[in-house]
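Chain identifiers are assigned alphabetically (A, B, ...) following the order of the sequence lines, protein sequences preceding nucleic acid strands; residue numbering begins at 1 within each chain.
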Amino acid sequence: MSFYADSDYPVGAELDGAHAAQFANFARAGTWGTAAQRLAVISEARQAGIDAGLLEAPDDPGAMPDAELSQAVCDVIRTLAVDCPDFDQDTYQAARDAGLSDPEFTELVAIVSFVVNLDVFARGIGVPLRPFSEPQAGAPSRVVPKEAVLEQAFVPSIPNVPDGGDVANELYGGHFKPWIMRSLSLVPDEYRAHVALEQAQYNPLPKVMVYDYSHHEGLTRPQVEIVAGRVSAINDCFY
Amino acid sequence: MNPEALVRPELDSGVPAGDVLLAFAAAIIGTDQAALDQARAALKAALGPAAVVGASAVAGNFSKNDRVANGIGIPIDDMVFKGTEELREQLGLNDYKSAVNTFRHL
């Protein structure tokens, strides 16, 4: 059954599948967080959006979190979820001071960004926010790619080929990847999830520089860029 | 396409239905539910129902990317930085708080 069967608007199979897969990812242990911790993080992010008036509370929120997060971590999540322009190096340092390691912080940034994305989409097509699934048993893998080094971001990342070695070859397909894609590479599974959403929602990566290609029925590429650029301008995102 | 419309949406973007898309992009990440309902209906009328899905997907995706970029503190890539000096000045992008993630490396 379609993940968006209740939508009045035609959601294609690729997008539908990508979103269903990401919601399933939320409910599994990540590389650093347990499934219960991940549910707590995305629930806090969603609640921040509801509290700020950016989202409408769903009648069926789905699974409720029972893992506790410190107030400091909740503050970091809320800043990222609803005060994105103000998220800066001090906010990152607050996360580190609250006890998060760089890989844990990276996974947190990933899943908060992903749930905001999915909730914005649901709001856009006029369906209720999708319910969260019950967290599954399982332990985080806690794998750190040995090729990751501190480059120019707050956290280490896997450099482009050739410096990134075999893991860069595998993750990046042997091609140069811009910062926005490599940003989550300290946690490769979140990098892969980021790419999957990007390809379903914006453009397949090989088509990004093909300016007469549009991935979206009903929109030309310039029309796509109008939406992308306006959202990023409102979010004061320099990147 | 007139990129200045991205920061001054009252301007003509030079893109068909650009005004409708600019309004929808603001409404989908804003707090006014009635404005979103109105913007969604206007977009459907202008470009069809599939465009509502596409615009929502793009808006969600860039809501993600803006948070990933600011959260991880990434700079813009060298080739983009070097090719956008005039545009960044024109749009006032250098004044964004997150610009420091690039300028701190210069």
Side-chain angles (χ1 to χ4, degrees), chain A residues 8-12 15 52-54 56 80 84-89 92 106 109-110 112-114 116-118 120-121 123-126 152-155 178-180 183-184 194 197-198 200-202 216-219 222-239, chain B residues 1 3 5-7 9 13-18 21-22 24-26 28-31 33 36-37 40 44 47-77 80 88 91 93-94 96-102 105:
Chain A
D8 291 336
Y9 298 90
V11 180
L15 192 52
L54 294 163
E56 292 71 42
L80 188 60
C84 171
D86 282 334
F87 199 102
D88 60 12
Q89 195 152 14
Y92 159 70
T106 301
V109 168
V112 169
S113 303
F114 297 167
V116 169
N117 166 18
L118 299 168
V120 165
F121 176 78
R123 190 169 188 254
I125 63 169
Q152 293 181 310
F154 299 153
V155 301
W179 261 115
I180 189 60
S183 52
L184 300 175
H194 181 35
L197 292 169
E198 190 80 9
Q201 291 186 234
Y202 178 49
H216 300 286
E217 186 185 341
L219 295 175
Q223 289 172 325
V224 164
E225 297 306 325
I226 285 282
V227 175
R230 183 64 186 139
V231 166
S232 292
I234 292 169
N235 283 331
D236 277 11
C237 185
F238 184 73
Y239 190 92
Chain B
M1 174 174 163
L6 300 176
V7 294
S13 67
V15 171
L21 291 161
L22 287 166
F24 183 77
I28 194 174
I29 60 170
T31 57
Q33 179 66 46
L36 174 58
D37 291 342
R40 188 189 300 114
K44 180 183 176 185
L47 298 174
V52 173
V53 177
S56 298
V58 173
N61 190 68
F62 281 81
S63 297
K64 162 177 69 72
N65 287 359
D66 296 341
R67 283 163 178 79
V68 167
N70 287 7
I72 299 295
I74 58 173
I76 62 173
D77 300 272
V80 175
R88 284 186 280 110
L91 303 189
L93 306 186
N94 294 335
Y96 288 177
K97 190 173 182 180
S98 58
V100 72
N101 294 330
T102 294
H105 299 294

For the pair B:R67 and A:N235, evaluate side chain to side chain contact (heavy atoms under 4.5 Å, CB included) and give the outcome as yes or no after the intermediate values. CA-CA 9 Å; B:R67 283 163 178 79; A:N235 283 331; 3.9 Å; yes
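For the pair A:R123 (side chain) and B:I28 (backbone), a donor-acceptor distance under 3.5 Å is present. Listed for the B:S98 side chain is a donor-acceptor partner under 3.5 Å among the backbone atoms of A:D236. A side-chain donor-acceptor contact under 3.5 Å links A:Q223 to the backbone of B:P16.
Residues that satisfy the side-chain contact (heavy atoms from CB on, under 4.5 Å) test with A:P10, not counting sequence neighbours, are B:P49, B:A50, B:V53. Remark: B:F24 engages no residue in a ring pair (Phe, Tyr, Trp, His ring centres under 6.0 Å) (not counting sequence neighbours).
Chosen from B:P75, B:A5, B:P3, the residue pairing most often with chain A at heavy-atom distances under 4.5 Å is B:P75. Listed options A:W179, A:F121, A:F87 were ranked by heavy-atom pairs under 4.5 angstrom with chain B; first place goes to A:W179. The candidate with the highest count of non-hydrogen atom pairs below 4.5 Å against chain A, out of B:N94, B:D77, B:N101, is B:D77. In terms of heavy-atom pairs under 4.5 Å with chain A, the best-connected choice from B:L93, B:V80, B:V68 is B:V68. Your options are B:S63, B:A25, B:A69, B:A99, and the one with the most heavy-atom pairs under 4.5 Å with chain A is B:A99. Note on A:P222, A:G229, A:S183: by heavy-atom pairs under 4.5 Å with chain B, the leading option is A:S183. Between chain B and the residues A:L197, A:I180, A:I234, A:V116, the largest count of heavy-atom pairs under 4.5 Å involves A:I180. Each of A:G126, A:G12, A:A110 has some count of heavy-atom pairs under 4.5 Å with chain B, and the biggest count is that of A:G126. Counting heavy-atom pairs closer than 4.5 Å to chain A, the top-ranked of the candidates B:V15, B:I72, B:I29, B:V52 is B:I72. Contact count versus chain B (heavy atoms, under 4.5 Å) is highest, among A:T106, A:D8, A:D86, for A:D86.
Contact annotation for A:L15: only side-chain heavy atoms (C-beta onward) come within less than 4.5 Å of a heavy atom of chain B. A:Q89 touches chain B through its side chain: at least one heavy atom from C-beta onward sits under 4.5 Å away, while N, CA, C and O do not. Contacts of A:L184 with chain B are made by side-chain atoms alone, with heavy-atom separations under 4.5 Å and no backbone atom involved. For A:A52, the part sitting under 4.5 Å from any heavy atom of chain B is the backbone (N, CA, C, O) and nothing else.
The line from CD of A:E56 to CD of B:Q33 is 4.0 Å long, rounded to the nearest 0.5 Å. Taken from CD in A:Q152 to CD1 in B:I74, the straight-line distance is 10.5 Å, to the nearest 0.5 Å. With rounding to the nearest 0.5 angstrom, the CG atom of A:L219 is 6.5 Å from the CG atom of B:L21.
Between A:I226 and B:M1, some side-chain heavy-atom pair lies under the 4.5 Å cut-off. No side-chain heavy atom of B:V100 sits under 4.5 Å from any side-chain heavy atom of A:F238.
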